[in-house]
Amino acid sequence: MVDLSTNLSGLILTNPIIAASGTFGFGKEFASFYDVNILGSFCTKGMTYLPRLGNPQPRIAECKAGMLNSIGLTNNGAEHIARHEFLEIKNYFKKPVIANVCGFTKEEYITNAKLADESPTVGLIELNVSCPNVKQGGIGFGTQTNILFDLVKAVKNAVKKPVYVKLTPNVTDIKPLALSCEDAGADGLCLINTLLGARIDIKTRKFILANKYGGYSGQGIFPVAVRMVNEAFNCVKIPIIGLGGISSAADTLEMMMAGARAVQIGTANIIDPFACKKIVEELPILCQKLGINKISEIIGIAK
Ligand SMILES: Cc1cc2nc3c(=O)[nH]c(=O)nc-3n(C[C@H](O)[C@H](O)[C@H](O)COP(=O)(O)O)c2cc1C
């Protein structure tokens with residue numbers, strides 16, 4: 001039997017397949033399609049302190065090899081999520097989940113991360129640093145090494161659970177940012193978030209998204225994600241969760257060979273609600289075919 005287990009800073013997953021934030025809700029809808037306990041884990045929708053309706057419609061645009069979204073972090077607010085959604089998860093998922101934490105100030109990140117830290121449902125905190133810093137003119141937390149270092153250090157000092165930083169790919173060079181997270185005490189990294197993009201309707205001559213620009217995700221971004229995960233893997237020692245365009249067991253192995261210790265599946269869940277289930281089922285069969293007995297042995301093996 002193939003050993004698919006993987007270790008994320010002490011959180012042992014039975015397999016490396018994690019459903020990605022924003023594409024799996026709080027798991028409840030998917031639990032009505034299949035037993036979600038077959039997953040290594042899943043990552044909850046990003047939470048801000050105040051509830052958010054998100055951006056104006058339209059906020060989804062289809063693309064040839066993926067999709068563009070400008071959802072804008074629609075969520076019920078961190079207090080509500082900690083008191084209701086996190087507790088309800090226990091009814092259909094028996095493993096620890098990953099809580100995706102957002103914020104518009106450092107203080108807000110700390111408050112939200114503490115709420116996640118106190119929840120027994122949460123095994124690991126994922127900091128989504130793609131949010132704009134309202135105190136510093138809206139510049140993304142994840143785009144400048146000093147701002148990122150300061151944020152990660154502050155959150156690490158405030159919580160006990162492992163903190164993984166989810167990096168944005170919308171930067172010139174991912175390496176100094178990955179190093180800043182490691183230096184600030186991050187337990188791991190998670191990459192990549194969506195790539196900034198836009199679509200235009202040539203008949204109306206208008207941008208399709210009401211917000212004009214949005215995040216591009218899905219199969220088209222896979223090679224970019226593989227490259228960025230490998231760049232991060234080559235410069236830090238902390239574990240990496242790889243994501244971006246993964247839609248099969250073969251993609252999972254490729255991402256792990258680039259340096260990921262686990263993977264997340266995002267847009268594929270929106271295209272096919274059974275995507276994660278299929279990958280979990282295909283993975284041991286493909287490993288056997290390729291002579292992989294222990295999946296953790298292939299992490300970063302690509303030459
Ligand atoms: C509709 C939608 C909502 C998303 N919401 C979040 C979110 O709340 N927090 C976050 O960190 N990433 C969010 N993401 C980004 C995904 O988690 C993931 O990083 C990205 O889509 C790349 O992976 P994929 O190509 O497998 O989708 C969202 C993506 C989509 C498509």
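Remember, it's 1-based here, ligands and their atoms both numbered in the order they're listed. Heavy atoms only: backbone and side chains are in, while hydrogens, waters and symmetry mates are out.
- Neither the backbone nor the side chain of Q219 comes within 4.0 Å of ligand 1, counting heavy atoms alone.
- Nearest protein neighbour of atom 21 (O) of ligand 1, counting heavy atoms only, is S217 CB, 3.2 Å.
- With salt bridges taken as basic N to acidic carboxylate O contacts below 4.0 Å, none links D183 and K153.
- Residue I192 has at least one N or O atom closer than 3.5 Å to an N or O atom of ligand 1.
- Close N/O approach between N100 and ligand 1 is found [any backbone or side-chain N/O within under 3.5 Å].
- G266 N, 3.0 Å is the protein heavy atom nearest to atom 26 (O) of ligand 1.
- At least one heavy atom of G218 sits less than 4.0 Å from an atom of ligand 1.
- Considering backbone and side-chain N/O of L73, none are found under 3.5 Å from N/O of ligand 1.
- Below 3.5 Å of separation, one finds no N or O of I221 facing any N or O of ligand 1.
- Nearest protein neighbour of atom 24 (P) of ligand 1, counting heavy atoms only, is G245 N, 3.5 Å.
- Atom CE of M47 sits about 12.0 Å away from atom CG of L73, to the nearest 0.5 Å.
- For ligand 1, the polar-atom distance check against I71 finds no nitrogen or oxygen pair separated by under 3.5 Å.
- Between S21 and ligand 1, a contact under 3.5 Å exists for at least one N or O pair.
- For ligand 1, the polar-atom distance check finds no N/O of Q264 at less than 3.5 Å from any of the ligand's N/O atoms.
- Using a cut-off of 4.0 Å between Lys/Arg side-chain N and Asp/Glu carboxylate O, R227 and E231 are scored as salt-bridged.
- Atom 3 (C) of ligand 1 has G22 O, 3.4 Å as its closest protein atom, hydrogens excluded (heavy atom only).
- Ring geometry for F141 against Y109 counts as perpendicular: the plane angle is over 60°, on a 0 to 90° scale with 30° as the lower cut.
- Of the possible donor and acceptor atoms, one in the side chain of E108 sits under 3.5 Å from a partner among the backbone N and O of Y49.
- Residue, atom and distance of the protein heavy atom nearest to atom 15 (C) of ligand 1 are N193 OD1, 3.4 Å.
- The distance criterion of under 3.5 Å between nitrogen or oxygen atoms is not met by N69 with respect to ligand 1.
- Under the 4.5 Å side-chain heavy-atom criterion for Ile, Leu, Val, Met, Phe, Trp and Tyr, L191 and I98 are members of distinct hydrophobic clusters.
- Of all the heavy atoms in P96 and V122, the pair that sits closest is CB-C, 4.4 Å.
- Below 4.0 Å from some heavy atom of L243 lie the following atoms of ligand 1, by number and element: 18 (C), 19 (O), 23 (O).
- Residue A20 approaches ligand 1 through these ligand atoms, each under 4.0 Å from one of its heavy atoms: 17 (O).
- Ranking protein heavy atoms by distance to atom 20 (C) of ligand 1, first place goes to T194 CG2, 3.8 Å.
- Under the 3.5 Å distance criterion, the side-chain polar atoms of N293 are left unmatched by any main-chain donor or acceptor of D3.
- With hydrogens left out, the protein atom closest to atom 19 (O) of ligand 1 is K166 NZ, 3.0 Å, a heavy atom.
- At least one donor-acceptor pair closer than 3.5 Å links the side chain of T111 to the backbone N or O of E107.
- For K45, a nitrogen or oxygen atom sits less than 3.5 Å from a nitrogen or oxygen atom of ligand 1, counting backbone and side chain alike.
- Relative orientation of the Y34 and F274 rings is tilted, given thresholds of 30° and 60° on the angle between their planes.
- Within 6.0 Å of the NZ atom in K206, the count of heavy atoms belonging to other residues, nucleotides or ligands does not exceed 12.
- In terms of modelled atom types and a separation under 3.5 Å, the side chain of R261 and the main chain of N7 share a donor-acceptor contact.
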